[in-house]
Engineer: 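I have a structure here, written as structure tokens, and I will follow up with some questions on it.
The figures here come from the full heavy-atom set of this structure, side chains too, leaving out hydrogens, waters and symmetry mates. Fair warning: this is a prediction, and the values are worked out from it, not measured in the lab.
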Amino acid sequence: VERGKASMWRVVSTLSHQVRGVATRKATAPLAALVRFQSTERDITKIRNIGISAHIDSGKTTLTERVLFYTGRIKEMHEVRGKDDVGATMDSMELEKEKGITIASAATYTTWKDHNINIIDTPGHVDFTIEVERALRVLDGAVLVLCSVGGVQAQTLTVDRQMKRYNVPRIAFINKCDRPGADPFRIVNQIRAKLRLNAAAVQIPIGLESDMKGVVDVVRRKAYYFEGPEGAQVAVKEVPEHLVEKMEETRHELIAHLADVDENIGDLFLMEEEPTEADIIAAIRKHTIAQTFVPVFMGTALKNTGIQPLLDGVLDYLPAPIESEVTAMNANDETDSVTLDQQDPDKPFVGLAFKLERGQFGQLTYLRTYQGTLRKGDFIFNSRDNKKVKVPRLVRMHSNSMEDVNEVHAGEICAMFGLDCASGDTFTDGSQALTMESMFVPEPVISLSIRPENSKDLEQFSKAIGRFQRQDPTFRVHLDTESNETIVSGMGELHLEVYREMMLREYNCPTVVGKPRVAFRETINAKAPFDYIHKKQSGGSGQYGRVIGDIEPLTGEDNNKLEFVDETVGTNIPKNYVPSIEKGFREACEKSFLTGHPAQGIRFTLRDGVSHAVDSSDLAFRLAAIGAFKQAFEKAQPAVLQPIMNVEIVAPDEYQGAVIGGLNKRKGTIVDSESEDGQFTVRAEVALNDMFGYSSELRASTQGKGEFTMEYNKHDLCAPNVQKELEQKYQEELSARHK
């Protein structure tokens, strides 16, 4: 029957495409659902682009699985970690099923009440934070998932910062209300205190832990029960008598929080008048979109409770693409911005490639369309290099499966094959030179050497490295010219381990890795002058260049940058040699002279110099700049910086002494600690160099009951004894190479 429906749908779809220009689709859902989906496609107000983000293990993927099931997108639900030998739909990689975590963000679409919802399920692990950055960059709204026991945790803070960076409105969902110790109202208070968000509950649970039966909607004063074998039937009933008082108290608190930001609700609140249901819904929507209010929903995804009201909340409170103002910059003048029109399908096309991955048929490029219409067979231009490319195939993604479409409109997310581009590239129809703001890419914190186990696998190794670099901006590769080793850098040990596993599974290329290396940096603490002459005579024209100036430390937010300033006057140094001097300075900073690590936070000011009519050249001045930097660097109180990590540890109270003792042993600085419901949470700043092997130590000291997360915070001065060790080690390496 389904095959017959699919055949009929393809015929109907092809005819309707010829008549009305509507995109064709492969049938993977019942015919009625597809007709409903098609009918809403052109109405941009009925599109929602949302991400599901949270701390690791808060239930994001389980929640997405339920959303897809209740909206008719999948026929049956499966669990994370492949417990039923199938695994969750959105965790399509074998590694994801094995480890029970999301590694790459996955895109899908579904429909709910005549609205088209594009969903991106993102990782919670800090090592894969770039996947969250990519998703939030192109989404109009987000669901922030929190655990009803763990609450606001380390990665929750990071995700919240990312949402604020990209101005993404969010609603919150307190998941796992069936867990022992669940207290959703404590989590609401944490959202206010730790995330500094104006948040209020729009629901209260009917029972908690193993007694959870449903939720009460405090806005509509209705109780929702989820009946049937999989909670698919929503029964709307009167609020239980014992919860009426709690509901009215929560409703009053919701109105009070809205009154702080909404003038209309505020006036009614002061006059002690009751706002109508429509007034409250309108105020929540208005201020959620304005990012001045966060409505909080409750439920338990694993026990199929509270998902359908959350979907209603996505439609009621999160913005359609048209409600988010999107601007692009003039590619030739970044100070000039242009507001994009997401309503008119005939406007010039503008889209952003936000994610690349290797598909069955080559490189797959995920694209968010911001203006105009993109059709299969169109020619589009990459704003970065102005290359003209043809769109050979357009698809809509559902985890790792895909459905062909003939066109996509503004506000939609699609994927394309056959595009050679990088993450963050802007595409246009060529009529305008526009570029979208790029994503924030954090710096890698850990490196290690890697090589193929067998020399015959070199070609596969190179292919894998090239692909990983294109699809992940936080994965960096360089060749150490002195040791002749390939060095890869990433956001953590797990990040690099996953890529190593992918090389083995996808490219059949086993690898050998060296010990992890911390990304130390060098800097200076004082201003120092230089006056350096590079002179070499070997018969015929030689090399000559003299540079005069100084280097000084950069402070504040610029302490991770390099700055070159040309203050020369006259023609002592011809202007055509100045770029070579800058190149020499930056080259010298790539591998500095104290420990061989890159230098940062330095301003190089060129004030004067001398050139020779015959012997001066670009090479001479580049070498002069390197020599000048070395000369001044030794006098400028050089120092070594090390990455400092924010570490959060959660464990039972009886192990608090052992955990804090372990942090002190690793020279950690305790920032904050709290204890609640028999569990304590401690937050500390610890040098990454001191964190190796900590997971084993924590397991041993807490009998396997403790867990920790860490993320990069900043680079800071390392202890004198550590600096001395690094200097000695570097000198020994140099001596060994020169023997």
Side-chain angles (χ1 to χ4, degrees), residues 50-55 58 136 139-148 150-153 155-175 183-205 215-220 246-299 306 309-310 312-319 323-325:
I50 65 163
I52 297 180
S53 302
H55 181 85
S58 294
L136 293 176
L139 295 175
D140 303 312
V143 178
L144 179 63
V145 183
L146 300 105
C147 172
S148 65
V152 174
Q153 294 167 279
Q155 188 69 0
T156 318
L157 296 163
T158 305
V159 166
D160 177 63
R161 274 200 307 275
Q162 291 168 326
M163 288 179 182
K164 286 171 180 166
R165 183 184 299 134
Y166 296 115
N167 297 316
V168 177
R170 85 291 307 258
I171 61 177
F173 179 69
I174 298 175
N175 193 19
D183 185 353
F185 293 100
R186 177 173 66 85
I187 311 308
V188 173
N189 289 327
Q190 282 189 5
I191 294 171
R192 292 170 188 158
K194 294 183 179 179
L195 303 181
R196 293 184 174 83
L197 295 172
N198 180 26
V202 292
Q203 294 176 340
I204 59 171
V215 292
V216 172
D217 184 332
V218 301
V219 177
R220 296 173 175 86
K246 178 68 176 172
M247 178 192 72
E248 292 301 333
E249 181 192 315
T250 308
R251 195 173 202 267
H252 183 77
E253 188 180 298
L254 166 67
I255 293 167
H257 278 272
L258 283 170
D260 289 342
V261 291
D262 188 89
E263 197 174 315
N264 180 35
I265 300 285
D267 291 343
L268 293 169
F269 187 74
L270 290 171
M271 292 186 286
E272 296 186 359
E273 290 182 19
E274 176 87 0
T276 65
E277 181 186 305
D279 286 339
I280 295 173
I281 291 171
I284 294 174
R285 179 174 180 78
K286 178 183 174 183
H287 294 286
T288 300
I289 293 171
Q291 296 163 68
T292 52
F293 181 76
V294 177
V296 182
F297 293 78
M298 298 171 189
L310 175 67
D312 291 339
V314 167
L315 305 191
D316 290 341
Y317 305 133
L318 288 179
E323 291 170 287
S324 308
E325 186 177 294

Engineer: Would you check if the side chain of Q203 reaches a backbone N or O of M298 as a donor-acceptor pair within less than 3.5 Å?
Structural biologist: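 Pair found, side chain donor or acceptor close to backbone of M298.
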Engineer: What are the two closest heavy atoms between A201 and L254, and how far apart are they?
Structural biologist: O-CB, 4.0 Å
Engineer: Which pairs count as ring pair (Phe, Tyr, Trp, His ring centres under 6.0 Å) when at least one residue sits in residues 183-203, sequence neighbours excluded?
Structural biologist: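 Listed by first then second residue: nothing to list.
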Engineer: Identify the heavy atoms of V219 and R251 that sit nearest to each other, and give their distance.
Structural biologist: O-NH2, 3.1 Å
Engineer: Are the side chains of I50 and D140 in touch, meaning some heavy atoms are under 4.5 Å apart?
Structural biologist: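 Side-chain contact under 4.5 Å: no.
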Engineer: Which atom pair, heavy atoms only, marks the closest approach of Y317 to P295?
Structural biologist: CD1-CG, 4.2 Å
Engineer: From Q190 CD over to D183 CG, what is the distance, rounded to the nearest 0.5 angstrom?
Structural biologist: 9.0 Å
Engineer: Any chance CD of E263 has more than 12 other-residue heavy atoms, nucleotides or ligands included, within less than 6.0 Å?
Structural biologist: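 Open: at most 12 neighbouring heavy atoms sit under 6.0 Å from CD of E263.
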Engineer: Among residues at least two apart in sequence or on other chains, which ones pass ring pair (Phe, Tyr, Trp, His ring centres under 6.0 Å) with F269?
Structural biologist: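 By the ring pair (Phe, Tyr, Trp, His ring centres under 6.0 Å) rule, F269 matches H252.
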Engineer: Holding to side chain to side chain donor-acceptor pair (under 3.5 Å), I want the full list of residues that pass it with K164, two or more places apart in sequence or in another chain.
Structural biologist: D160
Engineer: Kindly write out the residues that satisfy side chain to side chain donor-acceptor pair (under 3.5 Å) with N189, not counting sequence neighbours, or none if the list is empty.
Structural biologist: R192
Engineer: Can you find a heavy atom in the side chain of I171 that is under 4.5 Å from one in the side chain of L310?
Structural biologist: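 Counting from C-beta outward, I171 and L310 do come under 4.5 Å.
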Engineer: How would you list, by chain and number, every residue that makes a side chain to side chain donor-acceptor pair (under 3.5 Å) with Q291, sequence neighbours excluded?
Structural biologist: none
Engineer: CG of L139 to CZ of R170: how many Å apart, nearest 0.5 Å?
Structural biologist: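 Nearest 0.5 Å value for the CG-CZ distance: 12.5 Å.
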Engineer: May I ask you to test the L195-L157 pair for a side-chain heavy-atom distance under 4.5 Å?
Structural biologist: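 SC-SC contact between L195 and L157 confirmed.
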Engineer: May I ask you to test the V296-I174 pair for a side-chain heavy-atom distance under 4.5 Å?
Structural biologist: yes
Engineer: Using 0.5 Å steps for rounding, measure from the CD atom of E274 to the CD1 atom of I280.
Structural biologist: 6.0 Å
Engineer: Can you tell me how far the CD1 atom of I255 sits from the OG1 atom of T250, to the nearest 0.5 Å?
Structural biologist: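 Answer rounded to 0.5 Å: 11.0 Å.
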Engineer: Kindly list each side-chain donor-acceptor pair under 3.5 angstrom involving residues 282-290, sequence neighbours excluded, with atom names and distances?
Structural biologist:
residue, atom, partner, partner atom, Å
R285, NH1, L315, O, 3.4
R285, NH1, D316, O, 2.9
R285, NH1, L318, O, 3.1
R285, NH2, E323, OE1, 2.5
R285, NH2, E323, OE2, 3.0
H287, ND1, T292, OG1, 3.1
H287, NE2, D262, OD1, 2.8
T288, OG1, I284, O, 2.6

Engineer: Let me confirm one number: the CD-NZ distance from Q153 to K194, rounded to the nearest 0.5 Å.
Structural biologist: 8.5 Å
Engineer: For N198, check side chain to side chain donor-acceptor pair (under 3.5 Å) against everything at least two apart and list the hits.
Structural biologist: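 Testing N198 for side chain to side chain donor-acceptor pair (under 3.5 Å), a comparison that skips the adjacent residues, returns H257.
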Engineer: Test of understanding: with side chain to side chain contact (heavy atoms under 4.5 Å, CB included), list the residues that count as partners of D279, not counting sequence neighbours.
Structural biologist: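 Counting only residues at least two positions away or on another chain, D279 forms a side chain to side chain contact (heavy atoms under 4.5 Å, CB included) with N264, I265, L268, P275, T276.
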Engineer: Restricting to non-hydrogen atoms, name the atom on I187 and the atom on G151 that form the minimum distance, rounded to 0.1 Å.
Structural biologist: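 Closest pair (atom of I187, atom of G151, distance): CD1-CA, 3.4 Å.
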Engineer: Which heavy atom in V215 sits nearest to a heavy atom in P309, and how many Å separate them?
Structural biologist: CG2-CG, 4.3 Å
Engineer: Given side chains that start at C-beta, do those of L146 and F173 come closer than 4.5 Å, heavy atoms only?
Structural biologist: no
